[in-house]
Amino acid sequence: MTECADKDPDRYFRVLHPWSLHVIQMAEDNPALLNLDVISGCCQVPEGRKGEYL
């Protein structure tokens with residue numbers, strides 16, 4: 001999880017979703033690796049809970 005810009009970090013967070021894709025079209029023996037980080041929109045921490053950021 002990470003903080004949302006311009007939002008209260010105790011109430012709002014975003015989730016990082018790391019993906020790894022193998023690109024096989026040109027090099028079958030040694031495929032290239034593409035790392036892609038997808039970040040969710042801002043989510044609100046439920047009442048009574050606290051976000052734990054990494």
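The figures that follow rest on heavy atoms only: side chains count, while hydrogens, waters and symmetry mates do not. Just so it is clear, the model here is predicted, and its values are computed rather than measured.
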Problem - Val45-Val15 co-clustered via ILVMFWY side chain contacts under 4.5 Å - result: yes
Practice task
Output the distance between atom CG (Asn35) and atom CH2 (Trp19), rounded to the nearest 0.5 Å.
Solution key: 13.0 Å
Practice task
Please determine if Arg11 and Glu3 form a salt bridge, counting it only when a charged side-chain N lies under 4.0 Å from a carboxylate O.
Solution key: no
Fill in the blank from the handout: For Gly41 and Arg14, the nearest pair of non-hydrogen atoms, with its separation, is O-CG, 3.8 Å
